J.: 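Got a structure for you, written out below as structure tokens; questions coming shortly.
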Amino acid sequence: MKIPVLPKIAFRVLICTLSINFATAQTKDTSVKKFPNALNFIVMGDWGRFGEDHQIPVAKQMAITAKDIDRDFIISAGDNFYPVGVASEYDPQWKTSFEDIYKDFSLHWNWYSVLGNHDYAGNPDAQVAYSKISRRWNMPARYYSKTFDINGDPSQQVLIAFIDTNPLIPEFYKNDVYGKNVVSQDTTAQKKWLVKTLSTAPKSVKWKLVVGHHPLFTATLKRRESYDTKAVRKSLKALLDKYEVDAYIAGHDHDLQHLLPEGKTHYFVSGSASEATPIDILPISKLAVSEYGFMVFSVLANSLYVQAVNEKGEVIYTTEVKK
């Protein structure tokens, strides 16, 4: 059988097209974009595994990225210690899963953390107590807030409320593992505090962000309508809408996601700092990938940029939220 021969002009067009495509592939920039005048921080979650799985390579890439963007701080979205949290502020896991892993100079900046369900399997208050031992670990209470200046300007600020989603899940109160710790948390008091924090924010606050462990929306098949997802959504969605929260940031699912349901609030999931699990997609999904990595947030007065970065340092997704 004869193989058809392309006419000369068609052959030249084909070669030219292939050359252009190859050049484009070769020059595509997947590096993290830098915003020197922004408030820059890294968000990671679900990580404390004694360095196992992909915790170490992700930590190394975090260190590189932290230096490149001149990070202001790091946020941990919970499940800080697997499998059952820490027993005390002197638990050896502080060394084996945290201090020995995130040891680079660029990561010795403030860490602001929330509690995940695995942390509740141990002693959640021990993670609060460790704040008095570690210079960089900041968890003054099971829930708290902090206001950050953008580029050192107190008239342009970001308010971040760090909440404890575990007591918002009714099933946890009957759980043999979590029950003893959730009963010590006053859910009503936390909700009242969150309302006050968001509603009384000064005019200097340009952005309102909320960080909690459990997502309100997720494309992960087993969790999109699971009891914990539905409980946290029922408890928080109307509140986030009412007080015009710009972004809700979570972990729990071991993947990277950006979801945009009805309303103003953008929902981000960054829970693959040491493990990545299968994921599906929803109609509201802007990003849904099962990759090891973390997210970079860069906040300016009128724009919030988010970049999803994998363990190789490649930006696999970027988005801009505008005021």
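Nothing here was measured: the structure is a model prediction, and the numbers come from that model.
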J.: Only counting residues at least two apart or in another chain, list the ones meeting ring pair (Phe, Tyr, Trp, His ring centres under 6.0 Å) with F297.
T.: F41, F268

J.: Only counting residues at least two apart or in another chain, list the ones meeting salt bridge (charged side-chain N to carboxylate O under 4.0 Å, His left out) with R71.
T.: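 R71 satisfies salt bridge (charged side-chain N to carboxylate O under 4.0 Å, His left out) with no other residue.
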
J.: Distance only, no hydrogens: is a donor on one side chain within 3.5 Å (strictly under) of an acceptor on the other, for T220 and D253?
T.: yes

J.: Whether the side chain of H266 engages the backbone of L260 through a donor-acceptor N/O pair (distance < 3.5 Å, no angle test) should be reported.
T.: no

J.: Quick one: name the residues clustered hydrophobically with V84, using the 4.5 Å side-chain heavy-atom rule over I, L, V, M, F, W, Y, and just say none if it's on its own.
T.: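 Answer for V84: none, a lone residue.
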
J.: Got F148 and D72 here, is their nearest side-chain heavy-atom distance under 4.5 Å?
T.: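 They are not in side-chain contact.
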
J.: With no hydrogens and no angle check, is any side-chain donor or acceptor of S97 less than 3.5 Å from a backbone partner on F50?
T.: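 Checking the backbone N and O of F50 against the side chain of S97, a donor-acceptor pair under 3.5 Å is found.
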
J.: Between the main-chain N or O of G85 and the side-chain N or O of Q93, is there a donor-acceptor pair closer than 3.5 Å?
T.: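 Pair found, side chain donor or acceptor close to backbone of G85.
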
J.: Should L239 and V195 count as side-chain neighbours, where that means a heavy-atom distance under 4.5 Å?
T.: yes

J.: What I want to check is whether the side chains of H213 and N166 have a donor and an acceptor closer together than 3.5 Å.
T.: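 No, N166 and H213 have no side-chain donor paired with an acceptor closer than 3.5 Å.
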
J.: Using a strict 4.0 Å threshold on nitrogen-to-oxygen distance, state whether D280 and R224 make a salt bridge.
T.: yes

J.: Indicate whether the side chain of Y102 and that of Q55 have a donor and an acceptor atom separated by less than 3.5 Å.
T.: yes

J.: Measure the shortest side-chain to side-chain distance between I169 and Y178 over non-hydrogen atoms and say whether it is less than 4.5 angstrom.
T.: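 Sidechains of Y178 and I169: no contact.
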
J.: Got a donor-acceptor contact below 3.5 angstrom from the S290 side chain to the I279 backbone?
T.: no

J.: Between D228 and S226, does any side-chain donor sit less than 3.5 Å from a side-chain acceptor?
T.: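 A pair is found: one side chain offers a donor N or O, the other an acceptor, under 3.5 Å apart.
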
J.: Could you pull out all residues at least two apart from K264 that satisfy salt bridge (charged side-chain N to carboxylate O under 4.0 Å, His left out)?
T.: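 Per chain and number, K264 pairs via salt bridge (charged side-chain N to carboxylate O under 4.0 Å, His left out) with D246.
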
J.: Could you tell me if K191 and S235 have a donor-acceptor pair between their side chains, going purely by distance under 3.5 Å?
T.: yes

J.: Run through F162, Y112, W193 and flag the one making a ring-ring contact (aromatic ring centres under 6.0 Å, His included) with Y143.
T.: W193

J.: Could I get the full list of side chain to side chain donor-acceptor pair (under 3.5 Å) partners for N37, not counting sequence neighbours?
T.: none

J.: Any idea which heavy atoms bring I150 and V299 closest together, and the distance?
T.: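 Nearest pair, atom of I150 first, then V299: CG2-O, 3.4 Å.
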
J.: Decide if atom OH of Y227 counts as having more than 12 heavy atoms of other residues, nucleotides or ligands within a radius under 6.0 Å.
T.: yes

J.: Hey, quick one: are Y243 and L216 part of the same hydrophobic cluster, counting side-chain heavy atoms closer than 4.5 Å, chains of contacts allowed?
T.: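 Yes, it is one cluster - the side chains of Y243 and L216 are joined through contacts under 4.5 Å.
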
J.: Can you see whether S298 engages N40 through a side-chain donor-acceptor pair at a distance of less than 3.5 angstrom?
T.: yes

J.: Do you see a donor-acceptor pair shorter than 3.5 Å between the side chains of R223 and T218?
T.: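 R223 vs T218: no donor-acceptor pair found between side chains.
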
J.: Are F73 and W109 packed together at the side-chain level, in the sense that at least one heavy-atom pair is separated by less than 4.5 angstrom?
T.: no

J.: Under 6.0 Å from the NZ atom of K323, do we count more than 12 heavy atoms belonging to anything else shown?
T.: yes

J.: Counting N and O atoms only, with roles assigned by atom type, does the side chain of N151 sit under 3.5 Å from a partner on the main chain of A38, one being a donor and the other an acceptor?
T.: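 Checking the backbone N and O of A38 against the side chain of N151, no donor-acceptor pair under 3.5 Å is found.
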
J.: Verify whether one side chain among S184 and R142 offers a donor that lies under 3.5 Å from an acceptor in the other.
T.: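 Result is yes, a qualifying pair exists.
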
J.: With a 4.5 Å cut-off on side-chain heavy-atom distances among I, L, V, M, F, W and Y, is there a chain of contacts connecting W137 to F105?
T.: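 Per the 4.5 Å side-chain linkage, W137 and F105 are not co-clustered.
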
J.: Could you tell me whether the side chain of M295 reaches within less than 4.5 Å of the side chain of L287, counting heavy atoms only?
T.: yes

J.: Answer whether the closest heavy-atom distance between the side chains of L107 and K103 falls below 4.5 Å.
T.: no

J.: Are the side chains of V269 and H252 in contact, using a 4.5 Å heavy-atom criterion?
T.: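 Heavy-atom side-chain distance check fails, nothing below 4.5 Å.
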
J.: Using the side-chain hydrogen bond (donor to acceptor under 3.5 Å, both in side chains) rule, take D164 and Q190 through it: C-alpha gap first, then chi angles, then the decisive distance, then the call.
T.: CA-CA 8 Å; D164 183 358; Q190 180 180 198; 5.4 Å; no

J.: Taking a hydrophobic cluster as the set of Ile, Leu, Val, Met, Phe, Trp and Tyr residues connected by side-chain heavy atoms closer than 4.5 Å, whether directly or through intermediates, do V306 and L300 fall within one such cluster?
T.: no

J.: I'd like to know whether CD of E52 has more than 12 heavy-atom contacts from other residues, nucleotides or ligands below 6.0 angstrom.
T.: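 No.
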
J.: So among I160, L159, V211, which one has a side-chain contact (heavy atoms from CB on, under 4.5 Å) with S145?
T.: L159

J.: Any donor-acceptor pair under 3.5 Å linking the side chain of T165 with the backbone of H214?
T.: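 Looks like yes, one N/O pair under 3.5 Å.
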
J.: Using a 3.5 Å distance criterion without hydrogens, assess whether the side chain of N181 forms a donor-acceptor pair with backbone atoms of Y120.
T.: yes

J.: Output yes when a side-chain donor or acceptor of T96 lies under 3.5 Å from a complementary backbone atom of P92, and no otherwise.
T.: yes

J.: Has E320 got more than 12 heavy atoms of other residues, nucleotides or ligands less than 6.0 Å from its CD?
T.: yes

J.: Within a radius of less than 6.0 Å around NZ of K237, do more than 12 heavy atoms belonging to other residues, nucleotides or ligands occur?
T.: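 Yes.
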
J.: Taking side chain as C-beta onward, heavy atoms only, is H54 less than 4.5 Å from S274?
T.: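 They are not in side-chain contact.
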
J.: Just checking, any donor-acceptor pair under 3.5 angstrom between side chains of Q127 and D119?
T.: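 Yes - a donor-acceptor pair under 3.5 Å links their side chains.
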
J.: Please answer whether the main-chain N or O of M139 pairs with a side-chain N or O of S131 as donor and acceptor at a distance below 3.5 Å.
T.: yes

J.: Regarding T147 and Q157, do their side chains bring together a donor and an acceptor under 3.5 Å, going by distance alone?
T.: no

J.: Would you confirm whether S272, through its side chain, and E291, through its main-chain N or O, come within 3.5 Å as a donor-acceptor pair?
T.: yes

J.: What do you reckon, is NZ of K67 surrounded by more than 12 foreign heavy atoms closer than 6.0 Å?
T.: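 Incorrect, the count does not exceed 12.
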
J.: Going by side chain to side chain donor-acceptor pair (under 3.5 Å), name the residues that satisfy it together with D186, two or more places apart in sequence or in a different chain.
T.: none

J.: For L209 and L304, run side chain to side chain contact (heavy atoms under 4.5 Å, CB included): C-alpha distance rounded to whole Å, both residues' side-chain angles, the deciding distance at 0.1 Å, then the answer.
T.: CA-CA 11 Å; L209 311 180; L304 184 156; 3.9 Å; yes

J.: Ring centroid separation for Y305 and F35, is it under 6.0 angstrom?
T.: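 Judged by ring-centre distance (under 6.0 Å), Y305 and F35 do meet the cut-off.
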
